[in-house]
Amino acid sequence: MRIATWNINGINARLPAVLTWLDEAKPDIVGLQEIKCLDENFPREEFESRGYNLETHGQKSWNGVALLSKIPFDEVHRGLAGDEEDLQSRLIEGVFSTEDGGIVRVCNIYLPNGNPVDTEKFPYKLGWMDRLYNFVEERLALEEPFVLMGDFNLIPTGYDCHDPKAWWGDALFRPESLEKWRRIMNLGMTDALRATTDEQAFTFWDFQAGAWRRNAGIRIDHLLLSPQAADRLKAVKVHKDTRGWDKPSDHVPVEGDFALVGLSQKAA
DNA sequence: ATGCCTTAAAGGTTAAGA
């Protein structure tokens, strides 16, 4: 089973690229972030005609997440618990049956950026990460294959960054953010990319200042795995080539291959 | 360089992203 995450920075602007990539990579489950549209405006037909089931958690103009799956959804959950006043659409989770009689749980997140740090955006990020900690703690207690993936807006180490000194202090790479990240990881989650390679890999290159040309990237899109998911991990791939496509997103897809087979996959 | 590009939604510009 191939499970992938991609911040597409607008579904309308990115539709051709996303469809081209789906046809190439043939993922079974995909989490998209920054769909930037209302649920009713998502171009469903393009995905359903390719055999994907689709669930969205959108909002007007900004944010918004979606899950595509060749495997029918057993359950869908929208939103992160813990703050009634948080109206931003940043989390969607699906539960899917597998051939072995078990399930795989896939949660797709768009973690708040948090910049500028002297505004309310930064405490919002930290509060969101505290709520995510509680969520992950609950999920791990289920002892299931669980994949928490998405745009975390977090650089785990200086090695995950072209220029750590330039980024240090940014909401993506500073002590308060890293402390929250490590608390979550220390619950027992595995960073899928780091479990399979020591090579430097980036997932985001800014549109500006020739960041792509200079390979001035950072790694902020992650797949984090419960022990039961990590045990089934076979390979991880970063689809760096998509950043060089026409009308690219500033992020690229990250996919994990797992020794799992979905139950009654919808025919393509 | 606290936005050099890109997106969305408006509306002839502004806010947001990382």
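Letters go in sequence order (proteins before strands), and every chain restarts at 1.
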| query | Taking atom CG of D246(A) as the centre, does the number of heavy atoms from other residues, nucleotides or ligands within less than 6.0 Å exceed 12? | reply | no
| Worked verdict on T56(A) versus D39(A) for side-chain hydrogen bond (donor to acceptor under 3.5 Å, both in side chains) | CA-CA 6 Å; T56(A) 60; D39(A) 292 332; 2.7 Å; yes
Using the [atom1] atom as the point on both nucleotides, what is the distance between [M] and [N], in whole Å?
N: dA10(B); M: dA15(B); atom1: C1'; result: 11 Å
N: dT14(B); M: dA1(B); atom1: P; result: 25 Å
N: dA16(B); M: dG11(B); atom1: P; result: 14 Å

Could you tell me whether [X] contacts a base, only the sugar-phosphate backbone, or nothing, with contacts defined as non-hydrogen atoms closer than 4.0 Å?
X: N153(A); result: sugar-phosphate
X: D118(A); result: nothing
X: K125(A); result: nothing

| query | Start at the 5' end of DNA chain B and walk down; is the nucleotide closest to N12(A) or to Q88(A) reached first? | reply | N12(A)
| remark: Ranking L38(A) and P116(A) by the position along DNA chain B of their nearest nucleotide, the one closer to 5' is L38(A)
| What's the verdict on salt bridge (charged side-chain N to carboxylate O under 4.0 Å, His left out) for E255(A) and K237(A), showing C-alpha distance, side-chain angles and the deciding distance? | CA-CA 5 Å; E255(A) 74 180 25; K237(A) 181 177 176 183; 5.4 Å; no
| task | Just name whichever nucleotide pairs with dA10(B), Watson-Crick or G-U, keeping both distances under 3.5 Å, else none. | result | none
| task | Any strand is fair game: report the nucleotide pairing with dC4(B) by Watson-Crick or G-U wobble, both distances under 3.5 Å, or none. | result | none
| said: I need the minimum non-hydrogen distance between W167(A) and C161(A), along with the two atoms involved. | reply: CD1-SG, 3.3 Å
Tell me the interatomic distance from [X], atom [atom1], to [N], atom [atom2], rounded to whole angstroms.
X: N7(A); N: dA8(B); atom1: CG; atom2: P; answer: 12 Å
X: H251(A); N: dG17(B); atom1: NE2; atom2: P; answer: 11 Å
X: K247(A); N: dC5(B); atom1: NZ; atom2: C1'; answer: 12 Å
X: I35(A); N: dA9(B); atom1: CD1; atom2: P; answer: 11 Å
X: K36(A); N: dA15(B); atom1: NZ; atom2: P; answer: 15 Å
X: Y110(A); N: dA16(B); atom1: OH; atom2: P; answer: 12 Å
X: D250(A); N: dT7(B); atom1: CG; atom2: P; answer: 9 Å
X: E34(A); N: dT7(B); atom1: CD; atom2: C1'; answer: 9 Å

| For the side chain of F207(A), counting heavy atoms from C-beta on, which of dC4(B), dT7(B), dC5(B) is nearest? | dC5(B)
| remark: Per atom distances to the W62(A) side chain, the nearest of dA8(B), dG17(B), dC5(B) is dA8(B)
| Intermediate values then yes/no, ring pair (Phe, Tyr, Trp, His ring centres under 6.0 Å), Y110(A) and F152(A) | CA-CA 6 Å; Y110(A) 175 42; F152(A) 283 72; over 10 Å; no
| request: Could you tell me whether the side chain of D206(A) has a donor or acceptor atom within less than 3.5 Å of a complementary atom in the base of dG3(B)? | output: yes
| task | Mind running ring pair (Phe, Tyr, Trp, His ring centres under 6.0 Å) on W245(A) and H239(A) for me, showing each step along the way? | result | CA-CA 11 Å; W245(A) 290 2; H239(A) 287 254; 8.7 Å; no
| Contact under 4.0 Å: R14(A) side-chain N or O vs dT7(B) OP1/OP2 | yes
